[in-house]
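Being a predicted model, the structure only gives us computed values, none of them experimental.
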Amino acid sequence: MTANGEGHVRRTKKPWPEKRKGPVLLRRDQVETETTDQRLLDTTGPTDWLHTDPWRVLRITSEFVEGFGALAKLPTAISVFGSARTKVDSPEYQAGVDIGRALAEAGYAVITGGGPGAMEAANKGAVEADGLSVGLGIELPFEQGLNEYVDLGLNFRYFFVRKTMFVKYSQGFVVLPGGLGTLDELFEALTLVQTRKVTRFPVILFGSAYWGGLVEWLKSTLVAQGKASPEDLDLFHVTDDVADVLKILEEARKPQGTPA
């Protein structure tokens, strides 16, 4: 564009081809000669479009719709995370059962990833207390399916859709000892709260012996080197007491300024 002496802007013709497809801008060799309608109505064309990103958007949308529809009427719910490799005869498994049972007895629905190990334990505890046991599974090469204690279950293809369901329908996270998947959920939750992308909710690390090294690293390295603020350490709680879990959750539900 150039300006003449009267201050008017005169548009010059671009030296490259340009085309718009809705919100998409195409230039130079990205410009296509056919139209979207042409491809839609062409019954003799290739079927590769069934496997391209625009088609996947519909599948993604359907997962959101199914998830929102199935979970919209959940009562107040708490998500419990933990390792799928937790052994049934381990103290960590028993802790999961105890937490699931206590949450259900307190009137919470219990949401897990629906798998074995610590997830199964929390679902089992919820069922034993006649609570609502929810499992949000994910398609994986080594997936073992939803555990037998899930009463309301959904299986997702996409991690980000599943994560949205955890955050949208949970009023708190309880994190049992776990691996990379558990850490992923933990730090995503902390990041969302820290950046105020979600209304603050309690994040509880259960098992001080397991989580102690991580907490110490956060203090001595992350905060000490200025990569996080000291206040960020207040975004989570560490406990070994199931009763303390319930207390933290109840305190978080009180309106701000309400006496303890």
Side-chain angles (χ1 to χ4, degrees), residues 63-84 86 92-138 144-156 159-178 181-182 184-186 188-190 192-193 198-206 236-237 239 241-255:
E63 288 208 347
F64 276 114
V65 171
E66 291 291 342
F68 291 158
L71 303 175
K73 295 183 179 180
L74 280 186
T76 302
I78 304 298
S79 286
V80 181
F81 299 106
S83 176
T86 299
E92 293 171 1
Y93 187 95
Q94 186 58 50
V97 174
D98 294 341
I99 289 170
R101 181 185 297 113
L103 291 172
E105 290 174 347
Y108 296 105
V110 175
I111 304 176
T112 77
M119 295 173 282
E120 176 187 290
N123 287 132
K124 179 181 179 181
V127 167
E128 290 179 347
D130 294 324
L132 178 54
S133 174
V134 182
L136 307 181
I138 185 68
Q144 300 181 40
L146 296 176
N147 68 68
E148 63 181 300
Y149 300 103
V150 170
D151 295 324
L152 172 59
L154 293 90
N155 266 309
F156 296 92
F159 263 115
F160 56 87
V161 179
R162 180 183 185 233
K163 289 180 177 180
T164 299
M165 302 303 155
F166 277 124
V167 174
K168 180 172 176 60
Y169 294 105
S170 298
Q171 282 71 54
F173 285 2
V174 180
V175 189
L176 289 159
T182 302
D184 175 49
E185 297 289 356
L186 166 61
E188 180 166 51
L190 293 176
L192 290 172
V193 175
V198 297
T199 303
R200 181 164 182 169
F201 56 80
V203 178
I204 304 168
L205 305 181
F206 194 89
F236 60 87
H237 309 264
T239 185
D241 187 351
V242 176
D244 198 28
V245 170
L246 295 179
K247 181 179 178 181
I248 293 169
L249 293 174
E250 285 304 306
E251 287 295 323
R253 295 181 67 183
K254 292 180 180 179

Heavy-atom side-chain contact between [X] and [Y] under 4.5 Å:
X    : Y    : answer
V134 : L71  : yes
L190 : V203 : yes
L176 : I99  : yes
L103 : L249 : yes
L74  : L152 : yes
F206 : V242 : yes

ask   = Step by step, would you call E250 with K247 a salt bridge (charged side-chain N to carboxylate O under 4.0 Å, His left out)?
value = CA-CA 5 Å; E250 285 304 306; K247 181 179 178 181; over 6 Å; no

request  = Name all residues meeting the ring-ring contact (aromatic ring centres under 6.0 Å, His included) criterion together with Y149; count only those two or more places apart in sequence or in a different chain, and write none if there are none.
outcome  = none

task = Go through the steps for Q171 and Y108 under the test side-chain contact (heavy atoms from CB on, under 4.5 Å), then give the verdict.
result = CA-CA 9 Å; Q171 282 71 54; Y108 296 105; 5.8 Å; no

Let me confirm one number: the [atom1]-[atom2] distance from [X] to [Y], rounded to the nearest 0.5 Å.
X    : Y    : atom1 : atom2 : value
F156 : F64  : CZ    : CZ    : 9.0 Å
E251 : D244 : CD    : CG    : 10.0 Å
L136 : L154 : CG    : CG    : 6.0 Å
N155 : I138 : CG    : CD1   : 8.0 Å
R162 : E63  : CZ    : CD    : 11.0 Å

remark   = In L186, V167, I204, the residue satisfying side-chain contact (heavy atoms from CB on, under 4.5 Å) with F173 is V167

message = Just checking E66: does its CD atom have more than 12 heavy atoms from other residues, nucleotides or ligands closer to it than 6.0 angstrom?
response = no

Over all heavy atoms of both residues, which pair between [X] and [Y] is shortest? Give the atoms and the distance, please.
X    : Y    : answer
T112 : A122 : CG2-CB, 3.8 Å
G114 : M119 : N-SD, 3.9 Å
E128 : V97  : OE1-CG1, 3.8 Å

inquiry  = Between D151 and S133, does the side chain to side chain donor-acceptor pair (under 3.5 Å) criterion hold? Intermediate values first, please.
reply    = CA-CA 5 Å; D151 295 324; S133 174; 4.8 Å; no

key: Donor-acceptor under 3.5 Å (N147 side chain, G115 main chain)   = yes

task = Would you mind checking if R101 and D98 are paired as a salt bridge, meaning a charged N to carboxylate O distance below 4.0 Å?
result = yes

inquiry  = With a 4.0 Å cut-off on N to O distance, would you call K163 and E188 a salt bridge?
reply    = yes

Under 3.5 Å, sequence neighbours excluded: what are the donor-acceptor pairs made by side chains of residues 75-84?
{"unit_1": "S79", "atom_1": "OG", "unit_2": "S170", "atom_2": "OG", "d": "2.4"}
{"unit_1": "S83", "atom_1": "OG", "unit_2": "R85", "atom_2": "N", "d": "2.9"}

